[in-house]
Amino acid sequence: MLIDLARTSAAVAASPARLAKIGHLAELLSRVEPDEAEIAIAYLSGELPQRQIGVGWRTLQDIPEPRQVATATLCQIDGLLSRIKARTGPGSQAARKELVGELFRSVTRQEQSFLLRLLGGELRQGALHGVMVEAVARAADVPAAEVRRALTLRGWLPAVGAAALTGGVAALRDFHLEVGRPVAPMLAQSAPNVPAAMEKLGGLAALEWKIDGIRVQAHRSGTEIRVFTRTLDDITAQVPELVEAVLALPVDDIVLDGEVIALRPDGRPEPFQVTASRVSSKTDTARLRETTPLSVFFFDALRVGGADLLDLPDSERHEALVSTVPAELIAPRLVTADPEEGMTFFAQVLRRGHEGVVAKSPTTPYAAGRRGAGWVKVKPRHTLDLVVLAAEWGHGRREGKLSNLHLGARDPRSGDFVMLGKTFKGLTDELLAWQTERFLAMADGPSDEWVVRVRPEMVVEVAFDGVQRSPRYPGGMALRFARVLRYRPDKRAEDADTVDSVRELLL
DNA sequence: TTCCGACAGTGGGGTCGCAAT
DNA sequence: ATTGCGACCCCACTATCGGAA
């Protein structure tokens with residue numbers, strides 16, 4: 001029953017202790033029917049078996065009154081969500097809205113609350129994937145490592161969890177790396193500079209170009225090629241250059257990890273926006289590849305010639321990569337234990353216009369789907385002193401606190417401030433409390449339900465990765481990945497950085 | 001007893017496709 | 001032709017729990 005999940009979710013949200021959350025989830029899983037296990041695991045880890053159904057925050061406004069008695073089963077809900085997803089074409093928005101209304105009319109208030117959070121993509125119960133893996137392990141009475149291993153190879157926890165509940169360890173061992181079925185890619189931690197990254201790895205490190213493009217996982221079985229993104233979406237049709245490159249390799253059973261990027265004729269990278277536009281365009285690919293060709297840089301091999309390499313150390317996987325893929329398709333790499341040499345390599349990468357480096361431990365296996373300690377990325381960081389123009393009320397654990405800051409640079413000609421973007425990052429609870437009080441006292445001008453405008457007096461030091469062209473902001477530029485470093489009460493607005501100094505970074 | 005790895009949460013800018021206006 | 005929504009590309013950072021040291 002849906003009500004069982006709603007109650008479990010509420011209990012999970014109410015217990016701060018992770019072990020207690022795991023206990024609640026495992027208890028539910030231990031009494032779920034086999035044919036509904038997959039749905040239950042998906043919902044309670046914040047996912048839908050349909051993945052996306054075309055319903056977002058807007059469609060979830062104006063929810064009808066609930067009913068009094070809970071009767072909905074998981075299969076009924078799942079069926080309705082599939083019908084919603086299937087609605088496409090003219091009239092589909094109204095049809096979806098109607099079906100969403102039907103869905104919410106058929107459940108109680110507590111179930112509505114659960115479904116709202118689930119469909120809105122914000123479960124807010126302090127448990128998603130990571131906690132659910134532990135809960136599955138406990139409910140199925142199998143080691144969590146076995147669940148994680150199967151998940152690595154299958155990429156979809158509801159399927160793995162359902163198998164564990166019905167078939168135990170034996171069923172989990174049946175999962176293998178399958179060519180054509182994507183594996184959750186390994187992610188990197190970060191460090192402020194190359195020596196720090198190398199120290200994290202224990203000295204010896206393989207440094208590779210960090211390319212500012214789109215992560216790709218390329219599968220080939222015979223002459224069949226499939227290309228997947230970080231979230232395991234299939235983008236094969238959008239990247240014909242990559243398909244041809246993989247088809248030209250001498251091995252026909254292979255899984256590679258890499259990055260695609262649009263390069264200019266001189267070999268320097270286009271801005272990320274250009275690559276993103278090219279890769280997400282589904283029409284006119286033939287013409288686009290003439291004007292904006294894609295290049296690929298592979299940096300890992302998960303399978304070569306029928307052999308799974310996930311558990312091998314990085315150095316051996318890279319050897320396999322080098323022996324199968326031509327050098328011009330591989331991210332340049334330097335193995336060194338010398339921080340000085342590492343810094344030189346970093347400087348060279350930046351001079352060529354690329355984003356930074358990823359330092360890798362030569363000994364670590366491929367930690368699929370995890371932010372493994374074996375990979376550490378390093379990027380340069382810019383900072384500016386900007387002026388707070390407004391602040392937005394936060395959500396969730398930031399409810400009642402002014403959170404998201406509107407940032408402006410000084411325009412020396414007009415004396416006005418030009419907005420360059422927003423940030424909510426880098427703020428501690430203490431800082432959130434302080435700025436809420438402070439900005440309410442500084443409030444000025446028209447404020448609405450979400451935004452409190454303030455007198456442009458408070459200077460804040462902001463770190464960011466770069467400046468990009470913006471179709472949205474008045475100065476035509478915006479900061480990428482802005483985050484607060486600290487407030488500068490010692491500075492006045494007149495001391496803040498100007499739009500001219502920001503524009504210089506746009507080059 | 002302290003340290004630190006892993007997770008969840010809180011949102012950022014930009015782009016596309018599609019349906020509605 | 002334009003606008004709004006949903007989905008997805010890139011992402012940083014803090015708080016917290018609980019096992020490791």
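Letters go in sequence order (proteins before strands), and every chain restarts at 1. Small disclaimer: the values here were computed from a predicted structure and weren't measured.
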Taking C/dA12, B/dG12, B/dT10 as options, the one with an atom nearest any side-chain atom of A/Lys425 is C/dA12
Separation of B/dA8 atom P from A/Leu25 atom CG, nearest Å, is 11 Å
May I ask you to say what A/Ser403 touches in the nucleic acid, namely base, sugar-phosphate or nothing, with a heavy-atom cut-off under 4.0 Å?
sugar-phosphate
With the side chain defined as heavy atoms from C-beta on, A/Pro471 is closest, among B/dG12, B/dT15, B/dT10, to B/dT15
_So, OP1 or OP2 of C/dA7: does either fall under 4.0 Å of a side-chain N or O from A/Gln52?_
no
Review point. Is the distance from OP1 or OP2 of C/dC5 to the nearest side-chain N or O of A/Arg58 less than 4.0 Å?
Key: yes
Separation of C/dG6 atom C1' from A/Arg51 atom CZ, nearest Å, is 14 Å
Q | C/dC13 OP1/OP2 closer than 4.0 Å to side-chain N/O of A/Arg483 | A | yes
Would you mind classifying the nucleic acid contact of A/Ala463 as base, sugar-phosphate or nothing, using non-hydrogen atoms under 4.0 angstrom?
nothing
When A/Lys282 and A/Met477 are each assigned the nearest nucleotide of DNA chain B, the 5'-most assignment goes to A/Met477
task: For A/Leu123, report the nucleic acid contact type (base, sugar-phosphate, nothing); a contact means any heavy atom under 4.0 Å.
output: nothing
Charged N-O contact under 4.0 Å between A/Arg410 and A/Asp497 = no
Are any of A/Asn404's side-chain N or O atoms less than 4.0 Å away from OP1 or OP2 of B/dG12?
yes
Remember a base hit wins even if backbone is also touched, and classify A/Thr423 as base, sugar-phosphate or nothing at under 4.0 Å, heavy atoms. nothing
By nearest-heavy-atom nucleotide on DNA chain C, the more 5' of A/Pro16 and A/Gly426 is A/Gly426
Any side-chain N or O of A/Ser277 less than 4.0 Å from the OP1 or OP2 oxygen of B/dG14?
no
5'-most contact on DNA chain C (nearest-nucleotide basis), A/Leu19 vs A/Phe424, goes to A/Phe424
For this session: Looking at every strand, decide which applies to A/Val484 at a 4.0 Å heavy-atom threshold: base, sugar-phosphate, or nothing.
Result: nothing
Which of B/dG14, C/dT16, C/dG19 is nearest the side chain of A/Tyr473? It is B/dG14
**Item:** Distance-only side-chain donor-acceptor flag, A/Tyr366 / A/Asp257, under 3.5 Å
**Value:** yes
Query raised in the report: Checking all strands, does A/Val279 fall into the base, sugar-phosphate, or nothing category for heavy-atom contacts under 4.0 angstrom?
Result: nothing
Does a nitrogen or oxygen in the side chain of A/Trp57 sit under 4.0 Å from OP1 or OP2 of C/dC5?
-> no
**Item:** Pairwise side-chain contact, A/Ser113 with A/Arg117, heavy-atom cut-off 4.5 Å (strictly under)
**Value:** yes
Nearest heavy-atom approach of A/Ala40 to A/Leu5 is CA-CD2, 3.8 Å
- prompt: What do you reckon, is CZ of A/Arg124 surrounded by more than 12 foreign heavy atoms closer than 6.0 Å?
  reply: yes
To the nearest angstrom, the CZ-C1' distance between A/Arg124 and B/dG11 comes to 10 Å
- Query: If you measure only the distance, is there a donor-acceptor pair under 3.5 Å linking the side chains of A/His406 and A/Glu392?
  - Reply: yes
Quick one: is A/Thr275 getting a side-chain N or O under 4.0 Å of the C/dC9 phosphate, OP1 or OP2? no
Practice task
Classify the ring geometry between A/Tyr487 and A/Trp434 as parallel (under 30°), tilted (30 to 60°) or perpendicular (over 60°).
Solution key: tilted
Is the shortest side-chain N/O distance from A/Gln189 to OP1 or OP2 of B/dA6 below 4.0 Å?
yes
To the nearest angstrom, the CG-P distance between A/Leu60 and C/dG6 comes to 8 Å
Any base atoms under 4.0 Å from A/Asp212, or only sugar-phosphate, or nothing? Heavy atoms, all strands. nothing
Select base, sugar-phosphate, or nothing to describe what A/Ala276 touches, counting heavy atoms under 4.0 Å on all strands.
nothing
Over all strands shown, is A/Glu259 touching base, sugar-phosphate only, or nothing at heavy-atom distances under 4.0 angstrom?
nothing
message: Using a heavy-atom cut-off of 4.0 Å across all strands, would you classify A/Glu122 as base, sugar-phosphate, or nothing?
response: nothing
Testing C/dC10, B/dC7, B/dG14 for proximity to the side chain of A/Arg472, the answer is B/dG14
* With heavy atoms under 4.0 Å as the rule, sort A/Ser190 into base, sugar-phosphate or nothing. => nothing
Quick note, A/Arg18 side chain, CB onward, closest among C/dC13, C/dA15, C/dG18 is C/dG18
Here the residues of residues 375-389 of chain A within 4.0 Å heavy-atom distance, strictly under, of DNA chain C are A/Lys377, A/Lys379
Practice task
Please state whether the phosphate of C/dC11, meaning OP1 or OP2, lies under 4.0 angstrom from any side-chain nitrogen or oxygen of A/Lys210.
Solution key: yes
Assign each of A/Gln125 and A/Gly91 the nucleotide of DNA chain B bearing its closest heavy atom; nearer the 5' end lies the nucleotide of A/Gln125
key: Contact under 4.0 Å: A/His129 side-chain N or O vs B/dA8 OP1/OP2   = no
Check your understanding: Should A/Val462 and A/Thr383 count as side-chain neighbours, where that means a heavy-atom distance under 4.5 Å?
Key -> no
B/dC7 -> Watson-Crick or G-U wobble partner, both distances under 3.5 Å, gives none
Here the distance between atom P of B/dG14 and atom CG of A/Leu479, to the nearest Å, is 10 Å
Closest of B/dT10, C/dA15, B/dG13 to the A/Ala478 side chain is B/dG13
Across all chains, not counting sequence neighbours, the ring pair (Phe, Tyr, Trp, His ring centres under 6.0 Å) partners of A/Phe228 are A/His219
Which of A/Gln435, A/Lys422, A/Arg398, A/Arg397 passes side chain to side chain donor-acceptor pair (under 3.5 Å) with A/Ser403? Answer is A/Arg398
Q. Under 4.0 angstrom, heavy atoms only, what part of the nucleic acid is A/Asp465 near: base, sugar-phosphate, or nothing?
A. nothing
Next on the checklist: Base, sugar-phosphate or nothing for A/Leu431? Non-hydrogen atoms, less than 4.0 Å.
Outcome noted: nothing
- Task: Using a 4.5 Å cut-off on heavy atoms from C-beta on, say whether the side chain of A/Val216 contacts that of A/Thr229.
- Result: no
Rounded to whole Å, the CZ-C1' distance (A/Phe272 to B/dG13) equals 10 Å
With respect to the phosphate group of B/dG12, does any side-chain polar atom (N or O) of A/Arg480 fall under 4.0 Å of OP1 or OP2? no
Between CZ of A/Arg96 and P of B/dA19 the distance, given in whole Å, is 9 Å
Which part of the nucleic acid, if any, lies within contact of A/Ala17, taking any heavy atom under 4.0 Å across all strands shown: a base, the sugar-phosphate backbone alone, or nothing? sugar-phosphate
